[in-house]
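None of these values were measured; they are calculated from a predicted model.
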Amino acid sequence: MRTTTIATVLVLGATIGSAEAQYVGIPKTFQPSLAAEAKRVHLKNPPLTAAPDVKTTLYRMADALGMLRGTDERDAILTTDWRGTGTMMVGGQSCRLANYRGQVRYNVPALRTDFACAQADGKPGQRNVQVVAGALAWNETAPGVGGTPALDTVTDRLVQLWSLPHAVYKAAVLAGANTKVTLEGGIVYVAYPLPAPLTGTARVALNTTDADELTMDSGEKYQLSYWIDRVEIKVGNVVTETTYTDYAELNEPDYRSEVMFPRHIIQKRGGVTLLDLTVERTNTYNPYIVMPVPSALASMTVTAAQRGGGAAPAAAAQVPTPRTADGKPDLTGRWGGGGGGGGGSTEVQGLDKNGKRVTYATLEEAKAKAVKIFARNYNARHANPTYAERDQGMTDRYRDNMNPPIYKPEFWDRVQYLDLHGNYLDTAFLCAPVGLPRIGAPTRVVQMPGEVILMYNARNTWRVVPTDGRPHSGADNRDQTYMGDSVGHWDGDTLVIEAVGFNDDTWLANVATAPGWFHSTDMRVVETFRRDGNTLYYGYTVYDPSVFAEPWEVKPRAIQLNIANGPYNEDPPCIMNPRPMVSRERG
């Protein structure tokens, strides 16, 4: 069996080329962390004299927390991981924590807490792993392992989840018109009913006086304020109060996300302190966090969000589907890419006469209508270049992580580790081919009797796939390459392509997000192509029993026929920097 040797071995050392290596040594980073602003000043504002409206209040809360990303400023927080030390009430007794780790996944929603109390000698005692996902709760012996039902704890654990700062904003938005804002004694309060299945209310006190004034490199100034100080959740006659102080960016120094997290958390009930936690480190870059329902609860209702499933593709427009002489749908065509040409957007950002940020279609329009045009037009909030890359990364990770592959539990931390060091360990950054299924759908399909040719505008890659009924050849099946050995067959009007024989040097997901989704040489990829009029539906399923707990299915997405006669752009050659990129900084 031949194994492809790549620059990874030369640069990183032979151990990295093996999927069996759990972790590798990472050299000291050379790029300092980039601040998202040119200047930051702490200010003390006077108390408000009138209650702000709900829309303004929620916007200021979310913007301060770093939840609103991109020019459209959408909530981009899906998963969060945090670790800390302190004390906690366990079994009616307060204990000093030897370790504490919290993980949340908001689209379920689900929360996992993993902690151990310190024994007399300082060593960790019994491990406690507690999970809630929707209306289900269970205890694990280790993350993803075991699964003893604990349905009587659902309410208590959901209260913990919906007390989290980022969850406060999400719950208030979900409540819609039922969310109210009041001003009492100079303090702004936000009140709303809790999301189902909880039946109760939340009352949140905001700190509007402490503010950070940020100066962007464009010269624009704005403030971060409206910090979530105290959250009171009432379910029945039970009130749980959580206070938060000292919000900061707590990710690794060169892995900044600009998502703020409180350094100190105190939770009380009936005057008793349930948790006093000092947060030491976070990963707020939408890390890999999954909450698969254990078999002991599998017979209960499981939502699509918990499984990570996607929606079925929308119906295509009623355009006749072209067919070949043998009656099969003709997949030939140029797919996606709009007009097919290159070049960036000509849009320009500026301020209108009311001082609001507006995106103008052209520079000429901006000159005619804007009172100020930003000298550097970045596709990010506050016209800041650092935000641009971080915002794009947060958005991509939100999208990709809506349907993550479910790895076996023993690999969950490895995925986070690879993600954290993606700029160094992802072979796509070392000029290696990105492989299947990461390369995505082809930009051009040429269909001929007995074979189809798939072409990609990604490092000028192509595949010739036989469709004449032949099986994988023995030699090719044992070979290990980036794109594998592909054979296809027709299942009605759907072309099915199966690929095997991969090396383990590539990852499974988007180049920009680099989420650490690795695979083994046992991977098998099954792609489906179906044409309906001028729409191509492309999906795939990845089988990798060595590392996956279950197959990973990505539902078909719709790709439109590109009828423009624009030129094809050659993907320039990848030239690897002689000094490997070792910084984890995304900005």
Side-chain angles (χ1 to χ4, degrees), residues 54 58 61-62 67 75 77-80 89 102-115 128-140 143-144 146-180 190-204 228 230-242 265 267-270 274-275 289-311 398 401-404 406:
V54 173
L58 295 184
M61 287 167 51
M67 300 177 68
D75 176 8
I77 303 298
L78 180 66
T79 58
T80 302
M89 188 67 68
Q103 296 180 321
V104 66
R105 183 177 180 87
Y106 284 111
N107 70 315
V108 176
L111 171 71
R112 175 184 287 113
T113 55
D114 180 358
F115 61 91
N128 298 272
V129 183
Q130 302 175 348
V131 186
V132 62
L136 304 178
W138 63 91
N139 298 326
E140 301 171 335
T148 303
L151 299 181
D152 59 333
T153 67
V154 169
T155 296
D156 185 57
R157 295 179 187 182
L158 284 178
V159 166
Q160 295 179 51
L161 190 160
W162 290 115
S163 295
L164 293 168
H166 305 95
V168 165
Y169 169 78
K170 293 174 182 288
V173 170
L174 284 173
N178 292 318
T179 295
K180 309 297 180 184
V190 182
Y192 51 87
L194 295 170
L198 289 180
T199 55
T201 58
R203 190 169 186 262
V204 181
I228 296 172
R230 185 174 70 258
V231 181
E232 295 180 357
I233 289 184
K234 183 177 182 180
V235 178
N237 295 321
V238 179
V239 177
T240 304
E241 178 186 275
T242 310
I265 303 172
Q267 188 169 84
K268 295 182 178 182
R269 184 178 297 158
L274 305 180
L275 177 69
I289 294 172
V290 293
M291 312 282 187
V293 178
S295 57
L297 288 83
S299 61
M300 301 181 183
T301 301
V302 179
T303 67
Q306 283 172 266
R307 302 305 298 166
Y398 190 109
N401 272 310
M402 289 297 285
N403 178 30
I406 306 298

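Note: Trp162 CH2 to Leu111 CG = 11.0 Å, rounded to the nearest 0.5 Å. Between the CG atom of Leu158 and the OG1 atom of Thr153 there is a distance of 9.0 Å, given to the nearest 0.5 Å. We find the CD-CZ distance between Glu140 and Arg112 to be 4.5 Å, quoted to the nearest 0.5 Å. A distance of 14.0 Å separates OG1 in Thr201 from NZ in Lys180, rounded to the nearest 0.5 Å. Between the CG atom in Asn107 and the OG1 atom in Thr79 there is a gap of 9.0 Å [rounded to 0.5 Å].
Proximity of Lys268 to Leu274: side-chain heavy atoms (C-beta onward) are nowhere separated by under 4.5 Å. At least one side-chain heavy atom of Ile228 sits less than 4.5 Å from a side-chain heavy atom of Val204. Side-chain contact between Leu58 and Val173 is present, with heavy atoms from C-beta onward closer than 4.5 Å. Taking the side chain as every heavy atom from C-beta outward, Met67 and His166 approach each other to under 4.5 Å. The shortest distance between side-chain heavy atoms of Met61 and Val190 falls below 4.5 Å. By the 4.5 Å heavy-atom criterion applied to side chains, Val231 and Val168 are counted as neighbours. Here the side chains of Asn128 and Phe115 are in contact, with some heavy-atom distance below 4.5 Å. Counting heavy atoms from C-beta outward, Leu151 and Trp138 have side chains that stay 4.5 Å or more apart.
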Worksheet item: side-chain contact (heavy atoms from CB on, under 4.5 Å) between Val104 and Leu161: does it pass, once the steps are laid out?
Response: CA-CA 8 Å; Val104 66; Leu161 190 160; 4.2 Å; yes
Worksheet entry | side-chain contact (heavy atoms from CB on, under 4.5 Å) between Leu194 and Ile233, intermediate numbers included | CA-CA 8 Å; Leu194 295 170; Ile233 289 184; 3.5 Å; yes
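Side chain of Arg157 to main chain of Val131: a donor-acceptor pair is present (N/O by atom type, distance under 3.5 Å, no hydrogens or angles). Side chain of Arg105 to backbone of Ala110: no donor-acceptor contact under 3.5 angstrom is found. Formation of a donor-acceptor pair under 3.5 Å by the Asp75 side chain with backbone atoms of Ile77 is found in this model. When atom types are taken as modelled, the side chain of Thr242 and the backbone of Gln267 share no donor-acceptor pair closer than 3.5 angstrom. At least one donor-acceptor pair closer than 3.5 Å links the side chain of Ser163 to the backbone N or O of Val159.
Heavy-atom minimum distance, Val235 versus Thr155: CG1-CG2, 4.0 Å. Smallest separation of non-hydrogen atoms from Pro143 and Asp114: CG-OD2, 3.6 Å. Residues Leu297 and Pro149 share a closest heavy-atom pair of CD1-CG, 3.6 Å. Closest heavy-atom contact between Val154 and Leu136: CG2-C, 4.0 Å. Heavy atoms only, all atoms of each residue included: Leu78 and Met402 are closest at CD1-SD, 3.8 Å. Minimum interatomic distance between Pro404 and Val290 (heavy atoms only, all atoms of both residues): CG-CG1, 3.7 Å.
With salt bridges taken as basic N to acidic carboxylate O contacts below 4.0 Å, none links Lys234 and Glu232. Between Asp156 and Arg269, at least one side-chain nitrogen of the basic residue sits less than 4.0 Å from a carboxylate oxygen of the acidic one, meeting the salt-bridge criterion.
By the 6.0 Å and 45° rule, Lys170 stacks over the aromatic ring of Tyr106.
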